[in-house]
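Order of listing sets the numbers, starting from 1, for every ligand and every atom in it.
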Amino acid sequence: MDALRMLEEFPSQFSAVECQTLNPEDYKGIVFSGMGGSGIVGDFMRLFLKPSVPVLSVRGYDLPSFVDRDWLLVCTSYSGNTEETISTLQEGLKKGARAVCISSGGRLMEMAKRENLPHLPIPQGYPPRYALGFMLSTLMCLFGMSAEVENIKANLESNKEKIKTKAQEVAKSMFTYLPIVYGTPLTETVAFRWKTQINENAKTLCYNAFLPEMHHNEVVGLDNPHIRNLCAFVLLYDPEDHTRNIKRVEITQHIFKELGIVLKVLVGEGNSLIERLLYLTYLGDWLSLYLADLYGQDPIPVRVIDFIKKSLI
Ligand code: PA5
């Protein structure tokens with residue numbers, strides 16, 4: 001399936017899956033483990049779950065030392081063969097943590113079978129970053145959020161054409177510039193998804209910074225006109241962000257206006273934070289495809305990632 005078709009069908013990936021549900025409160029904490037296109041789902045879940053226990057999203061080989069047998073480890077790898085994620089599963093098993101695996105197959109599925117762990121399958125045949133909806137729906141259903149999954153689908157389907165039009169406009173503004181995507185505590189994950197989709201689909205660099213931290217450093221860097229004039233700036237925020245961060249969005253707009261720089265400020269549409277975040281995510285996915293087209297790039301292959309994975313064998 002080509003990239004355009006996968007993205008057209010992205011809303012339908014949000015479909016409730018049958019699985020046994022877990023109650024976050026049954027654990028001392030929850031740690032999501034995954035890399036790249038399979039790692040971002042843990043960041044989303046950290047925002048979506050609001051339990052009274054800690055929820056972490058880790059990217060790398062090691063688990064935090066405090067994770068023990070009373071924690072739940074959720075390992076997500078689309079291929080099932082990502083060595084960092086497998087390493088955390090091995091470590092988690094040594095610590096006696098309870099674990100759940102999500103993959104389209106690979107070693108993660110084999111290890112789950114061998115260790116008698118729950119394994120939730122994802123449809124095969126997609127590049128990992130194009131399977132975000134499948135992975136996220138599975139995780140949400142695992143934690144009893146199937147109603148929200150259906151709401152995301154309806155919201156994306158009804159706003160698809162509007163999202164595509166906006167994405168085209170933003171992509172044009174980024175063409176031949178270095179995209180800089182700013183976020184807030186609520187939109188940080190989406191801003192990072194924009195960065196990684198622009199990197200992998202459009203094959204170009206892109207950077208992030210986040211409020212309120214960027215008000216303590218990044219903003220000073222805007223002083224340099226030689227560099228700022230090479231960049232295209234976007235800021236994503238949500239109406240549910242902390243009121244002081246919303247005030248900071250307004251201050252940021254003012255700073256940009258004074259400097260005579262364009263800052264596109266975007267908010268998602270939807271009845272809940274989850275719907276709005278997926279709206280912005282879909283917008284970023286589309287714009288990365290339009291940007292790929294402007295640069296004459298095929299969005300699918302990620303040769304250097306494949307090279308690195310092979311070099312590590
Ligand atoms: O988009 C990609 O291809 C990567 O970011 C992968 O998701 C990442 O390398 C991890 O692989 P996997 O998703 O198979 O665990």
Side-chain angles (χ1 to χ4, degrees), residues 1-7 9-10 13 31-46 57-63 73-92 99-112 117 119-139 142 179 181 188-208 281-282 284-289 291-292 297-313:
M1 208 189 299
D2 66 30
L4 223 59
R5 188 142 153 240
M6 283 187 281
L7 215 49
E9 292 179 3
F10 178 71
Q13 290 187 11
V31 56
F32 291 95
S33 168
M35 301 299 300
S38 302
I40 194 119
V41 289
D43 299 341
F44 275 116
M45 290 308 291
R46 205 163 45 85
S57 174
V58 301
R59 287 182 172 79
Y61 292 91
D62 301 312
L63 291 174
L73 169 63
V74 183
C75 290
T76 307
S77 163
Y78 183 78
S79 63
N81 292 323
T82 297
E83 65 172 43
E84 296 95 317
T85 314
I86 289 169
S87 162
T88 58
L89 179 60
Q90 287 163 338
E91 197 182 324
V100 176
C101 299
I102 291 153
S103 76
S104 66
R107 284 186 60 202
L108 213 55
M109 186 176 76
E110 288 163 17
M111 285 173 73
L117 304 172
H119 175 267
L120 302 176
I122 302 294
Q124 292 182 335
Y126 290 79
R129 63 193 182 283
Y130 287 86
L132 174 77
F134 291 126
M135 291 190 275
L136 204 47
S137 302
T138 303
L139 281 171
L142 182 65
V181 188
E188 183 174 349
T189 297
V190 181
F192 184 66
R193 167 80 177 179
W194 277 42
K195 171 201 152 37
T196 58
Q197 291 292 77
I198 289 170
N199 292 152
E200 292 185 59
N201 289 332
K203 275 78 178 165
T204 191
L205 293 173
C206 175
Y207 290 97
N208 288 152
T281 301
Y282 199 28
D285 282 11
W286 274 112
L287 93 82
S288 68
L289 232 59
L291 199 54
Q297 291 286 352
D298 179 349
I300 301 283
V302 284
R303 290 191 186 92
V304 69
I305 298 180
D306 299 336
F307 164 77
I308 293 167
K309 286 184 179 177
K310 281 199 190 102
S311 306
L312 281 160
I313 294 171

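The structure places OH of Tyr61 at 9.5 Å from OG1 of Thr85, a figure rounded to the nearest 0.5 Å. Between atom CD of residue Gln297 and atom CG of residue Leu289 there is a gap of 12.0 Å, rounded to the nearest 0.5 Å. Rounding to the nearest 0.5 Å gives a distance of 10.0 Å between OG of Ser38 and CZ of Arg59. How far CD1 of Ile198 is from OH of Tyr207: 12.5 Å, rounded to the nearest 0.5 Å.
No donor-acceptor distance shorter than 3.5 angstrom exists from the side chain of Glu200 to the backbone of Ser288, with no hydrogens or angles considered.
Residues with a heavy atom under 4.0 Å from ligand 1: Met35, Gly36, Gly37, Ser38, Ser77, Tyr78, Ser79, Thr82, Pro128, Arg129, Glu200, Lys309.
Listed by first and then second residue, the salt bridge (Lys or Arg N to Asp or Glu O under 4.0 Å) pairs involving residues 189-199 are Arg193-Asp285 (not counting sequence neighbours).
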